[in-house]
S.K.: 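Here it is: the structure, laid out below.
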Amino acid sequence: MTYQFDFSALWAFWPEFLQGAWLTLQLSAVSTVLGFVLGTLCAIGRSDGPPWVKFLVASYVEVIRNTPLLVQVFIVYFGIATLGIKVSANAAAVIALVVNVGAYTCEIVRAGLESVHKSQLEAADCLGLSKPQIYWHVIIRPAIERVYPALTSQYVLLMLASSITSQISAEELTAVANRIQSDTFRSFETYIVVGIIYLALSFVVRIALWLFGLVVFVRKRKLGTAL
Amino acid sequence: MSAVVKLSNVHKSFGTNKVLDGVSFEVGRGEVAAVIGQSGSGKSTALRCINALETIDGGTIDVCGHAVHDAKLDRRSLRRDVGIVFQSYNLFPHLTAEQNIMLAPSCVKKVSKSEARDLAHDVLRRVGLAEKAGHFPEQLSGGQQQRVAIARSLAMQPKLMLFDEVTSALDPQLTGEVLKVMEDLARGGMTMILVTHEMAFARKVASQVVYMHKGKVWETGPGSMLDSPKTAELADFVGSGL
Amino acid sequence: MPSFSLVHLEFLGWAAMWTLGLSAIAFIGGGLVGFAVALMRISSVHWVRYAAIAYIQVVQGTPLLILLFLIYFGIAIVGFQEVPAIIAAGIGLTIYSSGFLAEIWRGCLQSVPKTQWEAAECLALTPWQRMTRVILPQAMRIATPPTVGFLVQIVKNTSLASVVGFVELAQAGKLINNSIFEPFTVFMVVAAIYFAICFPLSTWSRRLERKLNVSRR
């Protein structure tokens, strides 16, 4: 192999890599939070709503889970534009990611809700808790604690999948890489660097979510056992 | 008579927990040795060491001419000579009783399919389950599963059979049918080592009883030693068992 | 400007074949590599196990898009200038699916109780016989639902092969949109075709899972 690796040309671009990584993190964080809220609401609707809500949520989840994110991104970005509404690439990216991860969150949280034992509800009911109180204290919180590892994996995948929004030129890490490699002609090196940054980011996201879990789930922190 | 199994000063720890602390005993050809003791006394571990399921930290174990303590031990050839039956049966759930038994003869001894089937039916008859050949494990009672497991080991014509608390998971009435099979085996001259809680069975069938306590062989002797224990610990143990 | 017509639909249908073909390559290639990695992952030899862990971590921690770019430019570096897009896409997706299938299958292999491994060992079976006659038949039952489920991920992710110039369903949609600019219609049709491929797989996977849970009680 005669190829000479040359990473030096990329040094000059480190602020841009950093900027891209930062935007990727922001994109992921916003999408994770909004997607979590959307997904949890959908999960509640799916397991406890009137039939038409159940049907609507089920359709939403199936459609999203059985079509590629790339196509969803295109539909949001170009589709909204044809409706005459102007949205930036970044905004379109967030919308697409939220809609996407909301569907996955819904499925995961629903599994958690179903795992809560009926006797728990009866106990809470007998203690005179109101329906929203029961929901919050006895169903949702333990359900989410139980499926938190699955959610963590899903949100790491979301961070990685946000690279797809480079295809509508949202200015995140992959888009930055695409630009730098065409400027420097050091394509392979560029993507190696970016690959390593993504690896680091997925590590960071995992740690951050783990720490967050420790803060939120007191029982888990004190006992260290799964619920 | 040379010993089929000989343990000398065997040591074994799990982490900081010393499970076997200088265990020695031997079992001659055609002998039935019953290893008894409280849970945690190391008796099951001793049995697993004999079959190289656990590696030992010190001492020597010789089994049918195999140096089990040797790092270069050929485990597969050891296992051709030694059969083991587990407390939890460990039948393969995806195979019928007959297929469970045929597996090892056809894989290991390269016996033809029809021969293996004949063999399977033969050993199933010996454990009184000839009519269950086509049943899957989950269609059988615990006692029947355990008898199939014994038949599975027998099919390899082992020189030594190990039994690891094989009746502990069974109801009393199912225990009887398994013990009956084991008694027949013993009468047929099979060399056997059994870890057991069945004192009556040990007294009746065993030619040698090994009482283990705190990782050591505390007392050993013929079955009758259970009636006149020399140590306070064995007296306690036998007393609590009654 | 022409509008969306039967010609376009035909083109999309043809592209969908390529999506299926690429999915098949990714599944077969990823299955072979993934199975090997899964075996390495449960090996008793330390470095083999760590190598497998590292492989899985890297593949699962890097976006498929970046993986595809690396393969695409990497192939040029090793000296093959004109490689058909399907090769680059096939390699990229093979690596991607192997990383995930390895982890799925490792879990299935390890969910076969340790006592079954021991019992097979005590019957003097060779490691190969133990794997093929005792462990795999049990593990495969458990592995089928998540594997079928992962097929859906593979089909969807072939859409990214467009970045190395492979014309599959999503890329075909883009090409059509470039000529007629009816993004909403075009991508809705594209999405519908993906849905038609993936939904039956998802349903099948779920049904298998339910059956497995019932049989396990």
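Just so it is clear, the model here is predicted, and its values are computed rather than measured. Reminder, nothing fancy here: chain letters follow the sequence lines and each chain counts from 1.
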S.K.: Below 4.5 Å from any heavy atom of chain C, which atoms of A:Leu173 appear? Answer side chain, backbone, both or neither.
M.R.: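 Contact with chain C: none, neither part.
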S.K.: Please look at C:Val186 and chain A and tell me whether the side chain, the backbone, both or neither of the residue comes under 4.5 angstrom of a heavy atom of that chain.
M.R.: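 Neither part.
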S.K.: Under a 4.5 Å heavy-atom cutoff, which of C:Leu67, C:Leu65, C:Leu70, C:Thr185 has the most pairs with chain A?
M.R.: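 Top option by heavy-atom pairs under 4.5 Å: C:Leu70.
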S.K.: Is the number of heavy atoms from other residues, nucleotides or ligands under 6.0 Å of C:Arg207 CZ greater than 12?
M.R.: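 Open.
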S.K.: Below 4.5 Å from any heavy atom of chain A, which atoms of C:Gln153 appear? Answer side chain, backbone, both or neither.
M.R.: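 The side chain, not the backbone.
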S.K.: Kindly determine whether A:Ile168 and A:Phe74 satisfy side-chain contact (heavy atoms from CB on, under 4.5 Å), including the steps that lead there.
M.R.: CA-CA 7 Å; A:Ile168 55 167; A:Phe74 284 158; 3.9 Å; yes
S.K.: Select one option (side chain, backbone, both, neither) describing which atoms of A:Val63 are under 4.5 Å from chain C's heavy atoms.
M.R.: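 Both backbone and side chain of A:Val63 come within 4.5 Å of chain C.
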S.K.: Which answer fits A:Gln72, side chain, backbone, both or neither, if we ask what part of it has an atom under 4.5 Å from a heavy atom of chain C?
M.R.: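 No part of A:Gln72 comes within 4.5 Å of chain C.
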S.K.: So which part of A:Ser163 gets closer than 4.5 Å to some heavy atom of chain C, the side chain, the backbone, both or neither?
M.R.: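 For A:Ser163, heavy atoms of backbone and side chain both lie under 4.5 Å from chain C.
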S.K.: Given heavy-atom pairs under 4.5 angstrom as the criterion, report whether the side chain, backbone, both or neither of A:Thr67 touches chain C.
M.R.: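 Both the backbone and the side chain of A:Thr67 come within 4.5 Å of chain C.
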S.K.: Given that the side chain runs from C-beta out, which part of A:Leu83 has a heavy atom under 4.5 Å from chain C: side chain, backbone, both or neither?
M.R.: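 Neither part.
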S.K.: For the pair A:Tyr148 (side chain) and A:Leu209 (backbone), establish whether a donor and an acceptor sit closer than 3.5 Å, ignoring hydrogens and angles.
M.R.: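 Here the side-chain-to-backbone pair exists.
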S.K.: Of the listed residues (A:Phe78, A:Phe188, A:Phe203), which shares the most heavy-atom pairs with chain C below a 4.5 Å separation?
M.R.: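 If we count pairs closer than 4.5 Å to chain C, A:Phe188 comes out on top.
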S.K.: Would you say the side-chain atoms of C:Ser98 pair up with the backbone N or O of C:Val33, donor to acceptor, closer than 3.5 Å?
M.R.: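 Absent.
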S.K.: Please determine, among C:Phe187, C:Phe184, C:Tyr72, the option with the most heavy-atom pairs under 4.5 Å with chain A.
M.R.: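 Highest number of pairs under 4.5 Å: C:Phe187.
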S.K.: Given heavy-atom pairs under 4.5 angstrom as the criterion, report whether the side chain, backbone, both or neither of A:Ser166 touches chain C.
M.R.: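 Side chain only.
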